[in-house]
Amino acid sequence: MITLSALGSFALIVGLLTLTPGLDTALILRTAALGHRSRAWGVVLGIQTGTLVWGVLSSLGITALLTASHLAYTILRWVGAAYLVWMGGRMLIPALRRSGSAESAATDAAEDAEDASDVGDGFRAGWRRGVVTNLLNPKMGAFYVAVLPQFIPAGAPHVATGTLLAGVHIVFASLWAAVLIAFARALRTTLRKPSARRVLDRVTGTVIAAFGVRLALGD
């Protein structure tokens, strides 16, 4: 069975990884800042679902096969990059075109209506976005392949231990996501102003698209 020392070391690694600003942070903050609380939690749980899948697959040795296969890794990397660029572009392009006129007002009205239905479909839409974003990121798989086996003791049940370690990562990430959502909700009034919303979409869209480009370039 895994020792408390090894569990603590793994918690430290994933804790630092969680606190490092990245794609997940940008996605959660943007969703929560626009007032979509249910959708934001959908994104969080979608991301953590992906983390659990990567943890289980790494425990089974499947992700090791993925990273060992140059073709499979390249295909996943390009699909993930295309998805991130597309998602970032969907935020960035309308924000660059949008003015403070009727178009902006119409967009605000549409997003306010979206808030009203956020309890149901918004959560599912957020979950889909979170899980797809996570599973199409081959660097998550590479991270688990590189780190997880080092913390699974010889003779220990791989799937159970790997799931336990992934659960530690999920707990840390969920707690940090709760802080991010609370922070974004506190600034909701300011960030929902048309001018602030355009800036938020431009920044978030640029960050997400940049992650896609970086992923495509293999950096």
Side-chain angles (χ1 to χ4, degrees), residues 2-59 63 80-81 83-84 87-88 91 126-127 129-152 161-188 190-191 199-215 219:
I2 188 170
T3 65
L4 289 177
S5 175
L7 196 61
S9 298
F10 181 80
L12 178 61
I13 292 173
V14 296
L16 293 173
L17 177 67
T18 298
L19 293 176
T20 303
L23 175 62
D24 294 350
T25 302
L27 196 56
I28 293 168
L29 277 176
R30 190 261 180 185
T31 307
L34 293 182
H36 309 315
R37 183 169 58 181
S38 293
R39 180 174 295 182
W41 276 111
V43 170
V44 172
L45 294 181
I47 291 170
Q48 303 320 317
T49 299
T51 298
L52 180 61
V53 171
W54 282 121
V56 172
L57 292 180
S58 297
S59 302
T63 49
Y83 174 74
L84 292 179
M87 183 167 60
M91 298 177 191
W127 183 88
R129 172 168 287 186
V131 73
V132 170
T133 300
N134 188 284
L135 291 179
L136 288 181
N137 185 1
K139 292 189 175 183
M140 274 296 294
F143 169 79
Y144 268 88
V145 167
V147 174
L148 206 65
Q150 301 181 39
F151 293 93
I152 299 179
T161 308
T163 302
L164 172 64
L165 292 171
V168 171
H169 190 179
I170 289 170
V171 169
F172 271 91
S174 298
L175 291 174
W176 180 236
V179 173
L180 294 176
I181 291 174
F183 173 76
R185 295 284 294 179
L187 298 178
R188 177 184 176 185
T190 300
L191 294 176
V199 172
L200 181 64
D201 281 353
R202 289 170 185 171
V203 171
T204 308
T206 300
V207 169
I208 292 175
F211 269 99
V213 172
R214 184 179 178 183
L215 183 60
D219 293 338

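Note: hydrogens, waters and symmetry copies are ignored here, and every other heavy atom, side chains too, is used.
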Which atoms form the tightest heavy-atom contact between Gln48 and Ala173, and what is the distance?
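What the structure gives for the nearest pair is NE2-CB, 3.3 Å.
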Residue pair Ala40 / Ile28: nearest heavy atoms and the distance that separates them:
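Closest heavy-atom pair between Ala40 and Ile28: CB-O, 4.5 Å.
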For the pair Val53 and Leu57, evaluate side chain to side chain contact (heavy atoms under 4.5 Å, CB included) and give the outcome as yes or no after the intermediate values.
CA-CA 6 Å; Val53 171; Leu57 292 180; 3.7 Å; yes
Only counting residues at least two apart or in another chain, list the ones meeting ring pair (Phe, Tyr, Trp, His ring centres under 6.0 Å) with Phe143.
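Phe143: no ring pair (Phe, Tyr, Trp, His ring centres under 6.0 Å) contacts found.
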With Phe172, which residues qualify under ring pair (Phe, Tyr, Trp, His ring centres under 6.0 Å), at least two apart?
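Phe172 satisfies ring pair (Phe, Tyr, Trp, His ring centres under 6.0 Å) with no other residue.
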[Y] and [X], any side-chain heavy atoms less than 4.5 Å apart:
X	Y	answer
Ser59	Leu148	yes
Val213	Leu84	no
Ile47	Val131	no

Can you list the residues that meet the side chain to side chain contact (heavy atoms under 4.5 Å, CB included) rule with Val132, with sequence neighbours excluded?
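Here the qualifying residues are Tyr83, Leu136.
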Have a look at Val43 and tell me which of Thr31, Thr133, Ile181 forms a side-chain contact (heavy atoms from CB on, under 4.5 Å) with it.
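For Val43, the side-chain contact (heavy atoms from CB on, under 4.5 Å) check succeeds only for Thr31.
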Distance alone, cut at 3.5 Å: any donor-acceptor contact between the side chains of Asn137 and Trp54?
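The criterion, which ignores hydrogens and geometry beyond distance, is not satisfied for Trp54 and Asn137.
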I need the Phe10 CZ to Leu164 CG distance, nearest 0.5 Å.
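Output value for this atom pair is 9.0 Å.
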Residues Val207, Arg30; criterion side chain to side chain contact (heavy atoms under 4.5 Å, CB included); working and verdict:
CA-CA 11 Å; Val207 169; Arg30 190 261 180 185; over 6 Å; no
Can you list every pair that meets side chain to side chain donor-acceptor pair (under 3.5 Å) and has a residue in residues 16-25, with sequence neighbours left out?
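Sorted result for residues 16-25: empty, none.
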Taking only residues at least two apart or on different chains, which pairs with a member in residues 162-179 satisfy side chain to side chain donor-acceptor pair (under 3.5 Å)?
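Only Tyr144-His169 qualify under side chain to side chain donor-acceptor pair (under 3.5 Å).
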Trp127: partners by side chain to side chain donor-acceptor pair (under 3.5 Å), with sequence neighbours left out:
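For Trp127 the side chain to side chain donor-acceptor pair (under 3.5 Å) partners, ignoring immediate neighbours, are Thr49.
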Leu4 atom CG, over 12 foreign heavy atoms within 6.0 Å
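No.
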